[in-house]
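Sequence lines set the chain letters: A, B, ... in the order given, protein chains first and strands last, and positions in each chain run from 1.
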2 protein chains.
Amino acid sequence: MWFFSLNSRPSQNSSNRTSEEGRDNVTRLSEKREKILEGALRVFLAQGYSASMDAIAAEAGVAKQTVYSHFKDKNSLFAALIDRLLDHFVSAGLTADLLALDARSFVRKIAQITLSRMDDWEYVSLLRLIIGESGRFPELSELYVAHMVKPGIEKLAAYLRANQQVRFSDPEATARIIHGALINFVILQEVMHGKHAMPMSRERLINSIVDMVLFAGEQGKQSS
Amino acid sequence: MWFFSLNSRPSQNSSNRTSEEGRDNVTRLSEKREKILEGALRVFLAQGYSASMDAIAAEAGVAKQTVYSHFKDKNSLFAALIDRLLDHFVSAGLTADLLALDARSFVRKIAQITLSRMDDWEYVSLLRLIIGESGRFPELSELYVAHMVKPGIEKLAAYLRANQQVRFSDPEATARIIHGALINFVILQEVMHGKHAMPMSRERLINSIVDMVLFAGEQGKQSS
DNA sequence: AGACGGTCATACTTACCAGTCTAGCATGGG
DNA sequence: CCCATGCTAGACTGGTAAGTATGACCGTCT
């Protein structure tokens with residue numbers, strides 16, 4: 001039905017910004033576009049795809065016509081926003097310096113980073129939105145999987161596989177278990193509002209994950 | 001805003017079915033109600049809460065007025081349906097005979113049961129619906145957590161805690177890890193359509209979970 | 001000054017949807 | 001036979017939303 005870009009990055013519009021001197025003009029153009037995207041972000045994340053274009057325009061402090069002059073229709077705006085959000089959260093992935101850590105610290109750090117997103121209203125709402133719309137907009141969740149989940153799990157698996165201290169019999173599956181335990185904690189506690197019904201501290205979960213993974217990895221070794 | 005029942009179980013309607021001889025009448029009443037609920041099930045699960053009452057009536061093969069004669073409004077119908085669905089899936093929980101199994105078989109069995117629901121379109125759609133509407137209808141996800149997740153995790157934790165063969169340092173957290181790894185697998189593969197982008201067999205995940213949990217549990221013991 | 005382009009407010013068109021209303025049809029019980 | 005009850009089809013009301021159209025405003029470039 002429709003299509004998400006990502007990868008195809010026209011930066012702003014396909015308009016010709018050859019000379020840097022057109023800055024004044026282009027800047028103002030981008031400013032509106034930016035305001036629209038920020039308004040759309042708040043409204044879409046709060047109300048889901050059913051949010052009205054009037055509400056978005058109002059939230060952005062912009063006339064509805066302006067929204068339609070920057071984005072073809074609702075789908076385009078939505079797609080542009082999701083692209084942007086995925087881009088944003090993808091950049092906050094695991095960096096090179098983590099790879100130098102020992103296995104125990106590495107897993108702990110990954111877990112802490114993943115769970116720290118629980119506090120990010122935008123992340124929690126994005127998760128809810130993507131899962132919720134995954135029926136109507138499969139491309140959306142596929143994009144999420146391809147750009148956020150798959151790379152994350154693969155990097156984690158690659159680390160586990162390459163690690164010399166500990167031998168993992170199935171690094172890919174182990175990576176999925178770690179990722180699943182963490183993301184599901186976010187979904188359960190924040191997305192599904194389970195933190196009151198079944199509270200648990202992040203540290204407690206992290207400690208258990210670290211212990212479990214490390215013990216499992218030591219199956220062939222003798223270590224205290 | 002509105003309210004889900006569950007617990008208040010009027011079985012069918014609160015109507016008096018004292019004598020089995022009123023069957024003819026009541027049966028026909030229930031038949032319509034049943035048809036409506038089945039239609040609503042298909043349409044709500046496929047399209048989300050935004051599905052139209054006309055579509056539901058059409059799918060149920062029933063006049064719209066009939067829908068409104070059995071259910072006050074859209075919310076009531078939706079609530080009744082969710083109650084019904086939660087009821088249905090809750091009953092398929094872990095039974096007593098599982099508790100007799102040794103730890104390894106127990107965890108494996110739990111995992112198999114949980115993952116077997118991946119094939120159930122209704123379950124996958126319900127998961128998507130509940131998460132997706134958890135912003136607009138927090139009661140919905142809280143009900144899900146209270147009636148399906150919490151009991152499941154608590155039973156699992158209770159088994160782990162009581163188990164004599166293996167010592168778990170934190171059974172509750174361990175139960176959450178197992179549950180998270182499993183449910184997240186369902187969400188990733190089926191709800192978010194990730195099975196093509198990142199395929200993995202259930203058996204492989206189950207084996208890793210079982211190994212991981214059992215090794216972790218053996219930390220204080222010497223067993224092959 | 002005049003043309004242009006982006007923006008704004010507002011109104012409009014078209015479509016959909018929740019919930020109601022009406023009038024007719026079928027059946028079963030008195 | 002008649003009436004009550006549940007059902008049906010379809011029209012209707014009121015409200016909301018996507019997307020378009022209009023006309024006015026304003027800074028910039030020529």
With distance as the sole test, does [X] use its side chain to make a donor-acceptor pair with the main-chain N or O of [Y] at under 3.5 Å?
X: A/Ser134; Y: B/Val191; result: yes
X: A/Lys74; Y: A/Tyr49; result: yes
X: B/Asn184; Y: B/Gly180; result: no
X: A/Ser125; Y: A/Trp121; result: yes

Can you tell me how far CG of B/Leu129 sits from CZ of B/Phe78, rounded to the nearest 0.5 angstrom?
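It is 4.5 Å, given to the nearest 0.5 Å.
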Gap separating the CD1 atom of A/Ile153 from the CE atom of B/Met198, nearest 0.5 angstrom
4.0 Å
Would you classify [X] as touching base, sugar-phosphate or nothing, given that sugar-phosphate means primed atoms plus P, OP1 and OP2, and contacts are heavy atoms under 4.0 Å?
X: A/Ala57; result: nothing
X: B/Thr66; result: base
X: A/Ala51; result: sugar-phosphate

Between B/Phe185 and B/Lys195, is there a cation-pi geometry (under 6.0 Å to ring centre, at most 45° from the normal)?
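That pair does not qualify as a cation-pi contact.
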Expressed in angstrom and rounded to an integer, what is the separation of [X] atom [atom1] from [N] atom [atom2]?
X: A/Glu31; N: D/dG27; atom1: CD; atom2: P; answer: 15 Å
X: B/Met53; N: D/dG14; atom1: CE; atom2: C1'; answer: 17 Å
X: B/Asn75; N: C/dC17; atom1: CG; atom2: C1'; answer: 14 Å
X: B/Asp73; N: D/dG14; atom1: CG; atom2: P; answer: 20 Å
X: A/Lys74; N: C/dA15; atom1: NZ; atom2: P; answer: 18 Å

Is any NZ, NE, NH1 or NH2 atom of the basic residue among A/Arg117 and A/Glu190 found under 4.0 Å from an Asp or Glu carboxylate oxygen of the other?
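No, this pair does not count.
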Taking 4.0 angstrom as the limit, do A/Lys35 and A/Glu38 come out as a salt bridge?
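Salt bridge absent between A/Lys35 and A/Glu38.
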Each nucleotide N or O in nucleotides 3-5 of chain D that has a protein N or O under 3.5 Å away: list the pair and distance.
none

Minimum-distance nucleotide to A/Asp54 side chain [options: D/dA18, C/dA18, C/dT7]:
D/dA18
Atom pairs under 3.5 Å, N or O on each side, protein against nucleotides 20-25 of chain C: can you list them with distances?
unit_1: C/dC21; atom_1: N4; unit_2: B/Gln65; atom_2: NE2; d: 2.3

Side-chain N or O of B/His70 versus OP1/OP2 of D/dG6: is the shortest distance under 4.0 Å?
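Indeed not, no polar side-chain atom of B/His70 lies that close.
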